[in-house]
Amino acid sequence: MTTQHHADRASWRRRNPAEFLAEVDVAVVGFGIVGIGHAVAALDAGKTVAIIDRDRRPIGASIRNFGHACVTGQVGELADLAYTARRRWLELADRVGFWAAETGGLALARSARERNILEELADDRGERVRMLSADEASRTLGTDGPPDLKAGALLRDDLRVDPREAVPKIAAWLADQPGTTVWPNTSFVGSEDDVVYTSRGPLRAEKTYLCTGHDLDYVAPELAEECAILRCALQMTLVEDPGVRIEPAVLSGTSMLRYEAFSQTEAARGLREELTERSPDLLDIDANLMMTQRPDGTLIIGDSHEVRSTQEPFLEESTTGTLLAHAERLLGLGPGGLRPRQRWQGVYATSRDRAYLQRDLSDHLSACVVTTGVGMTIGLGLAERSMR
Ligand SMILES: Cc1cc2nc3c(=O)[nH]c(=O)nc-3n(C[C@H](O)[C@H](O)[C@H](O)COP(=O)(O)OP(=O)(O)OC[C@H]3O[C@@H](n4cnc5c(N)ncnc54)[C@H](O)[C@@H]3O)c2cc1C
């Protein structure tokens, strides 16, 4: 397949091969978690690798998220990918030297239905999901928790990294590995056979992986349309250390709507209606109310969801207000108990008909894009599978 045309292509094709930026076994486009995962997997398979990214450093979805590998929340094939990714995260944390903690996740139930969902999951998953009483849940949380707390469940296999540390550190580590070249500030503009056209000139790669995340439509618009890939924008807030230590990632009732391990339980029937009744403002912004604490004590709080082909760049203050007010309640803090330090928008690829796209477009070109909000959970698993 030939991707987007570029004005200079004809002149590049006439160039002497010595003028290629690089000649490698594998080229990877994008240094988010998906691209970086592909680069590491290729390197481990003994291949030479070139990584290009249009930015100077990772600033995409992979550093804007919770850093939560939501392993327990996945079912079927995604669960297999998540367990592979979990192993790869831990290996990489050792090799590269970044924080990755087997903290698990903590799901909080605030109604009988939510408690039933967790119990059903615990029955199904055995020792991987442990039910907690309301007291045990609030002790694990390190705060009183919400006044209506009914129970909790500890999701043993969930893993956490600091998103602002992990991917940039892997990218820097990759740049130092023999056999790897990294081309920051370099855009992929198209490819033909084994020649990859970039904004700095052509390179030659036996295989190229497009790991561009939600911007796939910029380089392969027809593929993005065929796979119904759109952009999902999320509003996030970093708040000052509230003076408590919360080890696990904290999930709420809205998380139970989103992750299939919860939403596919019998007990989850009627959950949406219940939450619409209890917290209509959260449903209005399609929230997944959750939080993770970074090693410095700051809390990442999110998130809202809005799906469009092109996103508004403007953050709605009311959305942040809704998320913060509910986060304060979840922690049992009064109004104003959380002090915002930063707000940002994150965008990921989403599709109504698939959780990821992993496809050979020609003998020399493949695309790999996670099309739901679980790239930190399954991205490294997909990368390992690409190299098989
Ligand atoms: C707010 C938020 C919270 C989330 N929370 C979680 C979570 O807790 N757990 C979880 O599992 N997942 C979570 N996700 C989803 C996860 O972050 C994404 O699925 C994942 O990071 C996508 O990784 P990526 O490598 O595909 O994309 P990105 O990290 O966006 O990387 C894509 C890279 O491609 C580069 N690129 C694009 N086009 C070109 C081009 N033409 N030429 C060169 N380079 C190009 C970009 O510059 C970018 O660096 C969250 C996402 C967001 C936004």
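The model shown is predicted, which means the values in this text are computed figures rather than measured ones. Just follow the structure's listing: the first ligand is 1, and inside any ligand the first atom is 1.
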Pick from [options]: the one approaching [atom] most closely through a non-hydrogen atom:
{"atom": "atom 39 (C) of ligand 1", "options": "T212, I300, V71", "result": "T212"}
{"atom": "atom 32 (C) of ligand 1", "options": "C211, G35, G60", "result": "C211"}
{"atom": "atom 22 (C) of ligand 1", "options": "A85, C232, G213, S62", "result": "S62"}

With atoms numbered from 1 as shown, which atoms in ligand 1 lie under 4.0 angstrom from a non-hydrogen atom of [X]?
{"X": "G30", "answer": "33 (C), 34 (O), 35 (C)"}
{"X": "L234", "answer": "1 (C), 2 (C), 53 (C)"}
{"X": "V219", "answer": "41 (N)"}
{"X": "T377", "answer": "9 (N), 10 (C), 11 (O)"}
{"X": "D55", "answer": "47 (O)"}
{"X": "R64", "answer": "1 (C), 2 (C)"}
{"X": "V29", "answer": "42 (N), 43 (C), 44 (N)"}

Using a 3.5 Å cut-off on N or O atoms only, is [X] in polar contact with ligand 1?
{"X": "G346", "answer": "no"}
{"X": "G375", "answer": "yes"}
{"X": "I33", "answer": "yes"}
{"X": "M236", "answer": "no"}

Does [X] come within less than 4.0 Å of ligand 1, judged by its heavy atoms?
{"X": "T186", "value": "yes"}
{"X": "V374", "value": "yes"}
{"X": "S187", "value": "yes"}
{"X": "C70", "value": "no"}

Looking at [X], I'd like to know if its [atom1] atom is crowded, meaning that more than 12 non-hydrogen atoms belonging to other residues, nucleotides or ligands lie closer than 6.0 Å.
{"X": "R352", "atom1": "CZ", "result": "no"}
{"X": "R269", "atom1": "CZ", "result": "no"}
{"X": "K150", "atom1": "NZ", "result": "yes"}
{"X": "R164", "atom1": "CZ", "result": "yes"}

My understanding is that only residues two or more places apart in sequence, or in another chain, count here; which of them pass side-chain contact (heavy atoms from CB on, under 4.5 Å) with E127?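 E127 satisfies side-chain contact (heavy atoms from CB on, under 4.5 Å) with R156 once adjacent residues are dropped.
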Check the side chains of [Y] and [X] for a donor-acceptor pair under 3.5 angstrom, ignoring hydrogens and angles.
{"X": "S133", "Y": "D135", "result": "no"}
{"X": "Y259", "Y": "N288", "result": "yes"}
{"X": "T72", "Y": "D157", "result": "no"}
{"X": "Q235", "Y": "T320", "result": "yes"}
{"X": "R200", "Y": "T186", "result": "yes"}

Contact between R341 and T298 at the side-chain level, heavy atoms closer than 4.5 Å - yes or no?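 With C-beta onward as the side chain, the pair touches.
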Are the charged groups of [X] and [Y] less than 4.0 angstrom apart, N to O?
{"X": "E165", "Y": "K169", "value": "yes"}
{"X": "E312", "Y": "R231", "value": "no"}
{"X": "R160", "Y": "E247", "value": "no"}
{"X": "D158", "Y": "R86", "value": "no"}

Nearest protein heavy atom with distance in Å, relative to [atom]:
{"atom": "atom 9 (N) of ligand 1", "value": "H68 O, 2.7 Å"}
{"atom": "atom 50 (C) of ligand 1", "value": "N65 CB, 3.3 Å"}
{"atom": "atom 44 (N) of ligand 1", "value": "R54 N, 3.1 Å"}
{"atom": "atom 47 (O) of ligand 1", "value": "D53 OD1, 2.7 Å"}
{"atom": "atom 31 (O) of ligand 1", "value": "G32 CA, 3.5 Å"}
{"atom": "atom 51 (C) of ligand 1", "value": "Y348 CD2, 3.4 Å"}
{"atom": "atom 14 (N) of ligand 1", "value": "G373 O, 3.6 Å"}
{"atom": "atom 40 (C) of ligand 1", "value": "F188 N, 3.8 Å"}

Does [X] approach ligand 1 within less than 4.0 angstrom via side chain, backbone, both or neither, non-hydrogen atoms only?
{"X": "V34", "value": "both"}
{"X": "A249", "value": "neither"}
{"X": "T292", "value": "neither"}

Sequence neighbours left out, what passes salt bridge (charged side-chain N to carboxylate O under 4.0 Å, His left out) with D296? Give chain and number order. R294
Can you check side-chain contact (heavy atoms from CB on, under 4.5 Å) on C368 and Y209, steps first, answer last? CA-CA 7 Å; C368 186; Y209 294 93; 5.5 Å; no
